[in-house]
Visitor: 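I'd like to ask you about the structure that follows.
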Amino acid sequence: MKKPLQITVNGEIRQFFAEPYCSLLDALRDELLLTGTKKGCDEGDCGACTVLLNGQAVTSCLVLAHSAHDSQVTTVEGLADHQKLHPVQQAFVDHGGLQCGFCTPGLIMSAVGLLQENPNPTEEEVRFAIGGNLCRCTGYNKVVEAILAAAQAMQNKLKA
Amino acid sequence: MTTSYQTIGQPVSRAEGPDKVTGAALYTADLNLPGLLAGKCLRSPYPHARIKSIDASAARRLPGVRAVLTGQDIPENLVGRMLRDFPMLAKDVVRFVGQKVAAVAADDLDIAQHALNLIEVDYEELPAVFDPVEALEAYAPVLHPNFMKYAGRADDPQEHPNAMARATWGIGNVAEGFAQADYIFEHTFRTPHQHQGYIEPHAVIAQVDGQGRLQMWVNCKTPFLLRRQLSEGIGLPQDRIRINPINIGGDFGGKGSFMDSHVAYWLSKATGRPVRMVMNYIEELMAANPRHPAVMTFKTGVKRDGTITARHARLIFDSGAYGAFRPQKGITYGIGAIGPYRMEHSQIDSYLVYTNKVPCGNMRAPGAPQSTFASECQIDLIARELGMDPYQFRLHNLVRDGEESPLGHHWRNFMGKPTLDAAVREAGYQAPKMTPPDLAADGGDWKVGRGIAVCERHVGAGSSTAKISVDGQGQVTLYTPLQDTGAGFYTMLRQVVSEELGVPYNEVSLVPWSTDDARFDSGVGGSRVTHVGGQAVYGAARAVRAKLAALAADLYGWPESQVVFKESMVAAAGHQAVSLGALAARSGGLVEGDFTYDSERDEDLTCFTAQVAEVAVDRETGQVKVLNFTTAQDVGTVLNPQAHQGQIDGGVMQGLGYALLEELKHEDGRISTLTFGEYKMPTIADIPPLRTVLVQSQSGGPSPYGGKAIGEQPISAVAPAIANAVLDAVGASVTQLPITAERVLQALRSQPA
Ligand code: FES
Ligand code: FES
């Protein structure tokens, strides 16, 4: 039976009902109609469903919605400031870090999670952070380029 | 070659990028409609069985279930992209594990799943055949006794009832060629199923609207062809079916098949409500349309000096239980099997064979990674036997510009040698081989080797239409029937408009058409879009331009031939320029132009690829590590370097997966690799440093501005380059993909001491 819960999603408190077995991914997509987060494998293997849960990048298909009760969730819809893209989003566009775009929300959330913890990562650290995200289009090189460029842009902005 | 253009040749970023990084871009599974139901199919657990009875009464009684359909409830029409051998739901017989036998529409997915568990099917198992070579034996069970009645089959006589198609290509007489040889080599190679691995699974929404029309949203990159296949299956005329535009989350050849489309229609018709069906990834790995496995025997005759006298390839492609997911009539796979080598005698015998496994479909360069693996591995085995360097052996035999190809084509401006030389140079093929210090330090017995492989592939052809309009505000809109699979053509096509009409590419608005809006389009794939879609858009842009120039001539008396389009302005020398919008406004409405481009494949034009792998192999464990990978690609004008490189990076990555990791494993017809944990695709940790050299071909290609093709080119030679590097490193010949540590060890052990 569906039970009530409350999650702060992209800064907004959302109260809704979900089955006890409902994943955070399904809750976001089906209950809150936030379809930017994608479902690839639904088994924790592809990373397309990555969101930030209390600041940590997690695969939302493996998180029960109810276990996120009273938590903070950030999805890809919550990054841009009105029309202005988040630096990670902008870098993915500028550097060709996306093709079909289906893995992209997950990759971007992994990258944002990384840069929040480690604003100045090495290439090795970037590669490690996206090790759980499958992308079948890009071959990953331009994704790494984009994340490093985003880190740089965010650093420059801090200094300015 | 590209210097005289404004935006063509610039690495501009994607105009469609912002939608894809914010989550705004919609894919099929993201859509919602009032009253939307969830559809799901029950699948066969047996590879070959007779359906004795189906009892769906308990499922029908479950609250929240809106319809349950079996083969009894829908017409028996067989469907297919060309060969129509596939029942929409199995009625009497199932021929592979995962075949659909019943379908449910319910208020939500949980109820639908529960209902499927309540359906009882009584099966009687039948003898099955899994190996395509065995399927051609006299004793093999005949899988399709009614084959000769199927629509869309090839006309050639069937050699064996399980051989759905067969073709022979070649020149000369191989027996004569073998008689001239000093040595004759024969090897057999095997390749596995490869799944396309798009991260977005197949999805479809069907809705029978108030007028009885079928409205469909589906991640299909060939909507016009799908509309025909739907019509054949469900009996609605094509103009009663509308396939709506939607983003596609990766294709690689896999998103051209109908999958659940027919079933979704029947469920929608039965319930009067829209139905969404999304395959989960287990279903994807079990029952989608992966690349065909193949068993390939190559026989090659050579003279002592390394000259190839004849080559005979016998290729057996395992189609699985149906041929419905292939768009071609008969068989086209293996046509390039013999390689771009000079020889007077060649023969390719290619078979497509039924087995009780998942039906196969197209994947990036269909047929080519299989035969290129066999062909290019054998080239190295022969070179080594003759004591020649594989590079020299290739140079000795490679077709030169102006010479005849082994199938009798005369490739124009053939770039074989310069491209091969560029790959060898860029990769440092001839430099000393050193084990990287981190590997040397880890205690294994690592040896470094380098391997080359080459391939060539056509530029695709087909038909596409485009329309361009300019309004009184100067807004330029491009309409296209092509659906965005992600390859970057929504940006490239805007660049073409930008180039011709002098407006910024990212201010061109792009509107994808539904199947109602154009007569026909061949769809995305087959190295076609830059050429065919590009020419359609180019033609439409030229048409609009001509209309605007005529208008300017009419209004202002400018000489029509001197009107130029630049920076959103229209100008002629010695006159005051006007804005594009102001000029268009004077037409009294929109200025529009459209163009339909139709083409046949030009067999005398090809694109050449040469790749070099550098690997380290641990003799103790058989582990292979790719240290560097170099691609040299013959190109015409590159319209967008960023997207072009993206195709190379992605193609090489899929080739690396094919070489080292990917295999749908079977046990008695059951696929056991049903998650990405078991069906391993490359992650970033599997990607070595990649290098690319583009080798400019002087004649260019048939795409606008002289572009060639890139989507399918970079994948086929990757696996043989790696296999040849392993052979070079430790002398182990691995003739079966993927090249796992076990297979390397096995090959090492079977080496003559
Ligand atoms: S959908 Fe969650 S990891 Fe694949
Ligand atoms: S962009 Fe298509 S899967 Fe990554």
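Numbers restart at 1 for each chain; the letters A, B, ... are given by sequence-line order, proteins then strands. Both backbone and side-chain heavy atoms feed into the values below; hydrogens, waters and symmetry mates do not. All values derive from a computational prediction rather than experimental measurement.
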Visitor: Among Gly96(A), Gly97(A), Ala48(A), Gly47(A), which has the most heavy-atom pairs under 4.5 Å with chain B?
Guide: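 Of the options given, most contacts go to Gly96(A).
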Visitor: Under a 4.5 Å heavy-atom cutoff, which of Leu109(B), Ile684(B), Thr683(B), Ile199(B) has the most pairs with chain A?
Guide: Ile684(B)
Visitor: Sort Asp30(B) into side chain, backbone, both or neither according to what part of it lies under 4.5 angstrom from a heavy atom of chain A.
Guide: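 Both the backbone and the side chain of Asp30(B) come within 4.5 Å of chain A.
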Visitor: Taking side chain as everything from C-beta outward and backbone as N, CA, C, O, which of these in Asp108(B) sits under 4.5 Å from a heavy atom of chain A? Side chain, backbone, both or neither.
Guide: neither
Visitor: Can you name the residues that form a side-chain contact (heavy atoms from CB on, under 4.5 Å) with Asn141(A), not counting sequence neighbours?
Guide: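 For Asn141(A) the side-chain contact (heavy atoms from CB on, under 4.5 Å) partners, ignoring immediate neighbours, are Asp649(B), Ile687(B), Leu690(B).
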Visitor: Quick check on Thr138(A) against chain B: is it the side chain, the backbone, both or neither that has a heavy atom closer than 4.5 Å?
Guide: backbone
Visitor: Checking Leu285(B) against chain A: side chain, backbone, both or neither under 4.5 Å from a heavy atom?
Guide: neither
Visitor: Identify which part of Leu33(A) has an atom lying under 4.5 Å from any heavy atom of chain B, answering side chain, backbone, both or neither.
Guide: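 Looking at Leu33(A), just its side chain touches chain B.
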Visitor: Please flag which part of Thr485(B) lies under 4.5 Å from any non-hydrogen atom of chain A: side chain, backbone, both or neither.
Guide: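 Contact with chain A involves the backbone of Thr485(B) alone.
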Visitor: Please look at Pro18(B) and chain A and tell me whether the side chain, the backbone, both or neither of the residue comes under 4.5 angstrom of a heavy atom of that chain.
Guide: both
Visitor: I need the contact set between residues 16-32 of chain A and chain B: heavy-atom distance under 4.5 Å, sorted by residue number.
Guide: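 So the qualifying residues are Tyr21(A), Arg29(A), Asp30(A).
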Visitor: Does any heavy atom of chain B fall under 4.5 Å from the side chain of Val144(A), the backbone, both, or neither of them?
Guide: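 The side chain, not the backbone.
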Visitor: So for Pro11(B), is it side chain, backbone, both, or neither that comes closer than 4.5 Å to the heavy atoms of chain A?
Guide: neither
Visitor: For His86(A), is it the side chain, the backbone, both, or neither that has a heavy atom closer than 4.5 Å to a heavy atom of chain B?
Guide: neither
Visitor: Counting only heavy atoms closer than 4.5 Å, note whether Gln196(B) contacts chain A via side chain, backbone, both or neither.
Guide: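 For Gln196(B), the backbone is the part near chain A, not the side chain.
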Visitor: If we ignore hydrogens and angles and just use 3.5 Å, is the side chain of Thr75(A) paired with the main-chain N or O of Glu77(A) as donor and acceptor?
Guide: yes
Visitor: Can a cation-pi geometry be assigned to Arg364(B) and Tyr658(B), taking NZ or CZ under 6.0 Å from the six-membered ring centre and within 45° of the ring axis?
Guide: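 So Arg364(B) doesn't make the cation-pi contact.
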Visitor: Side chain from CB out, backbone as N, CA, C, O: work out which of these in Ile108(A) comes under 4.5 Å of a heavy atom of chain B, or both, or neither.
Guide: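 Side chain of Ile108(A) only, per the 4.5 Å heavy-atom cut-off to chain B.
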Visitor: Quick check on the 6.0 Å ring-centre criterion: do Tyr198(B) and Phe102(A) meet it?
Guide: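 No, the ring of Tyr198(B) stays outside the 6.0 Å limit from the ring of Phe102(A), centre to centre.
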Visitor: Are the ring centres of Phe676(B) and Tyr281(B) closer than 6.0 Å?
Guide: yes
Visitor: Find the one option among Val88(A), Leu34(A), Leu107(A), Thr35(A) whose heavy-atom pairs under 4.5 Å with chain B are most numerous.
Guide: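 If we count pairs closer than 4.5 Å to chain B, Thr35(A) comes out on top.
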Visitor: Could you look at Ala25(B) and say if it's the side chain, the backbone, both or neither that has a heavy atom under 4.5 Å from chain A?
Guide: backbone
Visitor: Strictly below 4.0 Å, N to O, side chains only: are Glu200(B) and Lys255(B) in salt-bridge contact?
Guide: yes
Visitor: Stepwise, does the salt bridge (charged side-chain N to carboxylate O under 4.0 Å, His left out) test hold for Asp42(A) with Lys39(A)?
Guide: CA-CA 6 Å; Asp42(A) 210 17; Lys39(A) 185 187 279 192; 3.6 Å; yes
Visitor: For Asp110(B), is it the side chain, the backbone, both, or neither that has a heavy atom closer than 4.5 Å to a heavy atom of chain A?
Guide: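 For Asp110(B), the contact with chain A is made by the side chain alone.
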Visitor: At what distance, to the nearest 0.5 angstrom, does NZ of Lys625(B) lie from CG of Leu660(B)?
Guide: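 Between Lys625(B) NZ and Leu660(B) CG, I get 11.0 Å after rounding to 0.5 Å.
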Visitor: For Glu43(A), is it the side chain, the backbone, both or neither that has a heavy atom under 4.5 Å from a heavy atom of chain B?
Guide: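 The answer is the side chain of Glu43(A).
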Visitor: Salt-bridge test for Lys20(B) and Asp484(B): reply yes if a basic N is under 4.0 Å from a carboxylate O, no otherwise.
Guide: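 Asp484(B) and Lys20(B): salt-bridged.
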Visitor: Name the region of Leu85(A), side chain, backbone, both or neither, that has any atom closer than 4.5 Å to a heavy atom of chain B.
Guide: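 Answer is side chain: those atoms of Leu85(A) sit under 4.5 Å from chain B.
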